Amino acid sequence: MANVGNQLPTQAVSKPAPGKHGNVLPLWGNEKTMNLNPMILTNVLSSPYFKVQLYELKTYHEVVDEIYFKVNHVEPWEKGSRKTAGQTGMCGGVRGVGTGGIVSTAFCLLYKLFTLKLTRKQLMGLITHTDSPYIRALGFMYIRYTQPPADLIEWYDGFLDDEEMPNVQQVNWILYLSTVGLRV
């Protein structure tokens with residue numbers, strides 16, 4: 001299948017169900033929190049970036065452009081913003097445990113995508129986008145947090161060897177898929 005514009009071939013992901021609900025994505029888990037860690041969600045919702053700048057963005061295309069220009073990593077916290085000094089034992093330096101920091105631009109944009117209630121077509125647009133690996137990474141993170149676990153391998157199949165995807169995200173996908181009983 002040839003590339004069209006800024007899209008990668010889409011043969012790896014199953015076709016949407018026929019009928020009027022074919023473009024509607026199911027939502028798995030909590031409809032308000034997107035299944036995010038409570039500390040991350042609290043920091044996203046209280047972030048001036050989310051409350052002011054992202055509030056102004058109303059369309060899928062505006063958010064994709066923002067991802068392209070603003071995201072340079074997909075970790076939950078901005079580098080150097082977490083205070084782990086003084087934490088000892090099993091909590092010292094462990095992600096999601098202890099004190100938060102400044103929540104990353106990526107996670108603010110991920111939650112913004114969630115507020116837009118993406119369609120299957122929009123989500124496919126994210127994961128097949130060729131302009132930035134971070135656009136694809138956020139698409140796959142959206143899938144990981146919002147789609148039924150049984151469907152994950154269908155979404156991820158054919159994309160796990162994406163050489164342009166940030167390495168940390170590839171490792172996180174493989175580890176996550178193995179924890180839910182899916183083998184890559």
Side-chain angles (χ1 to χ4, degrees), residues 5-8 25 27-85 87 93-147 152 155-156 159-160 162-176:
N6 62 354
Q7 306 297 303
L8 292 171
L25 284 171
L27 179 63
W28 179 81
N30 191 306
E31 294 182 8
K32 293 184 180 162
T33 68
M34 192 183 150
N35 306 312
L36 287 173
N37 171 296
M39 185 182 297
I40 292 172
L41 181 60
T42 298
N43 279 275
V44 165
L45 295 175
S46 63
S47 162
Y49 176 63
F50 182 80
K51 292 192 306 188
V52 179
Q53 284 114 323
L54 294 185
Y55 178 78
E56 299 295 322
L57 304 181
K58 304 295 183 197
T59 70
Y60 163 81
H61 294 290
E62 289 174 327
V63 176
V64 171
D65 286 347
E66 187 78 359
I67 296 167
Y68 180 82
F69 288 111
K70 301 288 177 142
V71 175
N72 58 21
H73 70 88
V74 291
E75 295 296 321
W77 307 106
E78 289 299 340
K79 294 176 189 207
S81 70
R82 292 201 59 227
K83 304 287 188 264
T84 56
Q87 292 183 345
V94 175
R95 262 208 224 148
V97 177
T99 60
I102 298 171
V103 72
S104 71
T105 301
F107 270 75
C108 288
L109 284 158
L110 179 63
Y111 194 76
K112 178 63 180 187
L113 288 168
F114 178 71
T115 66
L116 296 176
K117 305 295 183 213
L118 297 182
T119 65
R120 185 176 306 272
K121 182 178 178 182
Q122 289 170 327
L123 189 50
M124 287 296 300
L126 291 175
I127 67 174
T128 60
H129 213 285
T130 59
D131 289 349
S132 166
Y134 298 110
I135 294 170
R136 291 195 308 280
L138 284 179
F140 284 110
M141 290 168 65
Y142 187 92
I143 291 167
R144 184 260 184 256
Y145 282 105
T146 66
Q147 296 304 288
L152 295 180
W155 282 104
Y156 290 164
F159 290 97
L160 290 172
D162 184 345
E163 292 179 12
E164 194 179 14
M165 189 65 65
N167 284 337
V168 68
Q169 193 61 37
Q170 286 185 12
V171 170
N172 286 342
W173 291 343
I174 292 167
L175 290 173
Y176 175 73

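In this text, all values refer to a predicted model and were calculated from it rather than measured experimentally.
- Taken from CG in Leu110 to OG1 in Thr105, the straight-line distance is 12.5 Å, to the nearest 0.5 Å.
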- Task: Give the intermediate values and the outcome of side chain to side chain contact (heavy atoms under 4.5 Å, CB included) for residues Val103 and Trp77.
- Result: CA-CA 5 Å; Val103 72; Trp77 307 106; 4.2 Å; yes
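- Proximity of Asn35 to Trp28: side-chain heavy atoms (C-beta onward) are separated by under 4.5 Å at one or more points.
- Looking at His129 and Ile67, their side chains never come closer than 4.5 Å, going by heavy atoms from C-beta outward.
- For Lys117, the NZ atom counts as densely surrounded, since its 6.0 Å shell holds more than 12 non-hydrogen atoms of other residues, nucleotides or ligands.
- Qualifying side-chain contact (heavy atoms from CB on, under 4.5 Å) partners for Thr42, counting only residues two or more places apart in sequence or in other chains: none.
- When all heavy atoms of Ala137 and Val74 are compared, the closest pair comes out as CB-CG1, 3.9 Å.
- Remark: Gln147 engages Leu25, Pro26, Ile143, Leu152, Trp155 in a side-chain contact (heavy atoms from CB on, under 4.5 Å) (not counting sequence neighbours).
- Residues Pro76 and Asn37 have side chains not in contact (no heavy-atom distance under 4.5 Å, counting atoms from C-beta outward).
- Between Pro38 and Thr33 there is no side-chain heavy-atom pair separated by less than 4.5 Å.
- Residues that satisfy the side-chain contact (heavy atoms from CB on, under 4.5 Å) test with His61, not counting sequence neighbours, are Thr59.
- Interatomic distance, Leu57 CG to Thr115 OG1, rounded to the nearest 0.5 Å: 9.5 Å.
- For the atom pair CZ (Arg136) and OG1 (Thr130), the distance works out to 7.5 Å, reported to the nearest 0.5 Å.
- With rounding to the nearest 0.5 Å, the separation of CD1 in Ile40 from OH in Tyr145 is 5.5 Å.
- Scanning for ring pair (Phe, Tyr, Trp, His ring centres under 6.0 Å) contacts around Tyr111 gives Phe50, Phe114, with sequence neighbours left out.
- Listed by first and then second residue, the side chain to side chain donor-acceptor pair (under 3.5 Å) pairs that reach into residues 63-73 are Tyr49-Glu66, His73-Glu78, sequence neighbours excluded.
- Contact between Thr128 and Met124 at its shortest, heavy atoms only, is OG1-O, 2.6 Å.
- Between Thr146 and Met34, the closest heavy-atom pair is CG2-CG, 3.7 Å.
- The structure places CZ of Phe140 at 8.5 Å from CG of Leu123, a figure rounded to the nearest 0.5 Å.
- By the side-chain contact (heavy atoms from CB on, under 4.5 Å) test, Lys58 is found to be paired with Tyr55, Glu62, residues two or more places apart in sequence or in another chain being considered.
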- Passes side chain to side chain contact (heavy atoms under 4.5 Å, CB included), Leu126 versus Leu113? Steps please. CA-CA 10 Å; Leu126 291 175; Leu113 288 168; 4.0 Å; yes
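- How far CD1 of Ile127 is from OH of Tyr156: 9.0 Å, rounded to the nearest 0.5 Å.
- Summarising the geometry of Glu75 relative to Ser104, their closest heavy-atom pair is O-OG, 2.7 Å, with the distance given to 0.1 Å.
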